[in-house]
Amino acid sequence: MVGAGIVGVCCGLWLQRDGHQVTLLDRQGPGEGASFGNASIFATESVLPVAMPGIVGRVPRMLADPLGPLAIRWGYLPRLAPWLLRFLAASRTSRVEAISEALAALLDGCLDDYEPLLAEAGLADTVVRRGWIGAHLDPAKLAGARPSVALQRAHGVEVEELGAAALRQLEPALSRALAGGFYYPEVAHSLDPYAMVVGLARRFVEDGGEIARVEARGLAVEEGRVVAVRTAAGDRRCDALVVAAGAWSRGLAAQAGAPVPLDTERGYHLTIPEPGVTLNRPIYSTEFGMACTPLATGLRLGGTVELGGLEAPPDWRRAEVLAARGRKLFPGLSVEGASRWMGFRPSMPDSLPVIGASPKLPNAFLAFGHGHLGLTLGARTGRLVADLVAGRRPVVDLTPYRPGRF
Ligand SMILES: Cc1cc2nc3c(=O)[nH]c(=O)nc-3n(C[C@H](O)[C@H](O)[C@H](O)COP(=O)(O)OP(=O)(O)OC[C@H]3O[C@@H](n4cnc5c(N)ncnc54)[C@H](O)[C@@H]3O)c2cc1C
């Protein structure tokens with residue numbers, strides 16, 4: 001397998017449960033990619049794609065404001081164009097309905113697939129179910145969010161609209177300027193997403209798995225099957241291959257016979273050890289595209305989308321602006337001692353991951369492209385990949401996520 005992020009490690013654990021001998025190849029330590037610094041939310045309510053109707057009209061603003069919640073780097077635009085066109089096409093109402101259905105099917109009960117993995121790794125109490133809140137400062141944005149919330153409800157998501165006073169009762173740190181928001185009581189979060197990957201990876205090794213710190217540079221293919229992964233340290237022979245290399249999966253997927261339009265939505269975070277405010281649960285601001293999550297390591301302000309590819313250096317102003325936005329939501333917030341981070345979400349233009357066998361090489365399996373939902377869907381993906389490798393009927397119909405859908 002290539003990739004030891006949350007998706008790769010979960011695939012490894014589920015494959016191990018079927019008795020396979022699994023090796024994870026990663027050029028970094030487990031969980032040091034996008035899985036290191038995400039907002040830590042099991043976003044089971046997230047049945048809507050990133051590109052919603054109306055997004056086309058926002059493109060000029062995305063280009064003009066490099067610090068906006070959704071921004072495009074000019075220099076990357078020529079390379080991004082094919083992905084961006086597909087992304088915008090996915091925002092058509094008919095597509096949004098189909099994508100939402102596919103996301104809802106994948107998300108339904110997905111935390112159940114974490115349960116045995118977390119329990120066996122001794123991590124069950126590091127995931128808490130305290131719900132989360134979508135908070136709005138702007139009354140117009142609050143009203144504008146209602147149709148999306150209605151769509152979520154139609155997919156069975158439990159959500160309640162609450163006024164400012166009721167929200168401040170739940171979360172006294174919230175600003176008095178709040179217009180109102182939405183409370184999702186069923187949503188859970190991890191108290192430390194990086195420690196979670198590390199803990200799961202430790203269990204994987206204890207159970208006989210191998211993690212090798214090495215870069216996968218290509219594949220050796222013989223008679224229509226992958227027989228080895230080429231690395232700087234020589235070939236690693238395999239009976240089957242799983243590509244779970246997050247935002248970097250595109251090249252390996254193409255070599256495995258599955259060219260896919262994968263790109264990245266870069267995101268930033270600030271983690272504040274002593275924020276001076278207490279949050280009981282994560283709070284999300286749609287206006288700022290930012291989640292605020294109470295973790296064991298402090299308060300994390302994270303999110304936003306920057307379409308800028310894998311190579312450009314971070315624009316740290318995007319992390320710093322999170323502090324000013326955080327203070328608007330929580331006037332008592334102190335950001336002293338905050339650490340900053342940028343990560344690469346592996347993003348498909350239709351907001352659906354790629355989960356399936358290669359159309360060309362039947363022993364190559366693809367498991368990437370989870371965008372904003374990689375933490376949420378890690379264990380579900382692992383279980384589905386194990387079903388595919390075993391030739392079992394998967395617990396979810398995988399047609400919408402097939403690699404050849406483009
Ligand atoms: C700011 C931010 C907030 C987010 N918040 C949430 C959230 O609240 N909830 C949620 O569900 N998701 C969230 N996400 C998304 C989530 O973090 C990702 O979808 C998820 O981490 C992807 O996991 P992965 O295992 O596919 O990729 P990664 O964690 O990036 O792992 C891929 C691994 O592959 C390795 N690799 C790549 N290429 C090679 C190669 N050629 N050879 C060897 N190794 C290779 C990399 O080193 C890396 O370790 C957020 C993301 C960001 C950036």
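Each ligand, and each atom within it, is numbered from 1 in the order the structure gives. Excluded from the calculations below are hydrogen atoms, water molecules and symmetry mates; all remaining heavy atoms, backbone and side chain alike, are included.
The existence of a salt bridge linking Arg217 and Asp235 is excluded, since no basic side-chain nitrogen approaches an acidic carboxylate oxygen closer than 4.0 Å. Ionic pairing of Asp350 and Arg405 is present here: one or more N-O contacts between side-chain nitrogen and carboxylate oxygen are shorter than 4.0 angstrom. Salt bridge Glu311/Arg79: present, at least one basic N to carboxylate O contact under 4.0 Å.
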What are the distances between nitrogen or oxygen atoms of ligand 1 and protein nitrogen or oxygen atoms, counting only those under 3.5 Å?
{"unit_1": "ligand 1", "atom_1": "5 (N)", "unit_2": "Ala39", "atom_2": "N", "d": "2.9"}
{"unit_1": "ligand 1", "atom_1": "8 (O)", "unit_2": "Ser40", "atom_2": "N", "d": "3.3"}
{"unit_1": "ligand 1", "atom_1": "8 (O)", "unit_2": "Ile41", "atom_2": "N", "d": "3.0"}
{"unit_1": "ligand 1", "atom_1": "9 (N)", "unit_2": "Ile41", "atom_2": "O", "d": "2.8"}
{"unit_1": "ligand 1", "atom_1": "11 (O)", "unit_2": "His372", "atom_2": "O", "d": "3.4"}
{"unit_1": "ligand 1", "atom_1": "11 (O)", "unit_2": "Leu375", "atom_2": "N", "d": "3.0"}
{"unit_1": "ligand 1", "atom_1": "11 (O)", "unit_2": "Thr376", "atom_2": "N", "d": "2.8"}
{"unit_1": "ligand 1", "atom_1": "11 (O)", "unit_2": "Thr376", "atom_2": "OG1", "d": "2.7"}
{"unit_1": "ligand 1", "atom_1": "12 (N)", "unit_2": "His372", "atom_2": "O", "d": "2.9"}
{"unit_1": "ligand 1", "atom_1": "17 (O)", "unit_2": "Ala34", "atom_2": "O", "d": "3.3"}
{"unit_1": "ligand 1", "atom_1": "17 (O)", "unit_2": "Asn38", "atom_2": "ND2", "d": "3.2"}
{"unit_1": "ligand 1", "atom_1": "19 (O)", "unit_2": "Gly371", "atom_2": "O", "d": "2.8"}
{"unit_1": "ligand 1", "atom_1": "19 (O)", "unit_2": "Gly374", "atom_2": "N", "d": "3.0"}
{"unit_1": "ligand 1", "atom_1": "21 (O)", "unit_2": "Ser35", "atom_2": "N", "d": "3.2"}
{"unit_1": "ligand 1", "atom_1": "21 (O)", "unit_2": "Ser35", "atom_2": "OG", "d": "2.9"}
{"unit_1": "ligand 1", "atom_1": "23 (O)", "unit_2": "Ser35", "atom_2": "OG", "d": "3.4"}
{"unit_1": "ligand 1", "atom_1": "25 (O)", "unit_2": "Ile6", "atom_2": "N", "d": "3.3"}
{"unit_1": "ligand 1", "atom_1": "25 (O)", "unit_2": "Val7", "atom_2": "N", "d": "3.1"}
{"unit_1": "ligand 1", "atom_1": "29 (O)", "unit_2": "Ala34", "atom_2": "N", "d": "3.3"}
{"unit_1": "ligand 1", "atom_1": "29 (O)", "unit_2": "Ser35", "atom_2": "N", "d": "3.0"}
{"unit_1": "ligand 1", "atom_1": "29 (O)", "unit_2": "Ser35", "atom_2": "OG", "d": "2.5"}
{"unit_1": "ligand 1", "atom_1": "30 (O)", "unit_2": "Ala34", "atom_2": "N", "d": "2.9"}
{"unit_1": "ligand 1", "atom_1": "38 (N)", "unit_2": "Arg27", "atom_2": "NH2", "d": "3.4"}
{"unit_1": "ligand 1", "atom_1": "41 (N)", "unit_2": "Ala216", "atom_2": "O", "d": "3.0"}
{"unit_1": "ligand 1", "atom_1": "42 (N)", "unit_2": "Ala216", "atom_2": "N", "d": "2.8"}
{"unit_1": "ligand 1", "atom_1": "44 (N)", "unit_2": "Arg27", "atom_2": "N", "d": "3.2"}
{"unit_1": "ligand 1", "atom_1": "47 (O)", "unit_2": "Asp26", "atom_2": "OD1", "d": "2.7"}
{"unit_1": "ligand 1", "atom_1": "47 (O)", "unit_2": "Gln28", "atom_2": "NE2", "d": "2.9"}
{"unit_1": "ligand 1", "atom_1": "49 (O)", "unit_2": "Asp26", "atom_2": "OD1", "d": "3.3"}
{"unit_1": "ligand 1", "atom_1": "49 (O)", "unit_2": "Asp26", "atom_2": "OD2", "d": "2.6"}

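A side-chain donor-acceptor contact under 3.5 Å links Thr271 and Arg300.
One finds the CZ atom of Arg73 at 5.0 Å from the CG atom of Asp315 (value rounded to the nearest 0.5 Å).
Figure legend: Arg383 and Trp14 shown as a cation-pi pair, the cationic atom lying under 6.0 angstrom from the six-membered ring centre and within 45 degrees of its axis.
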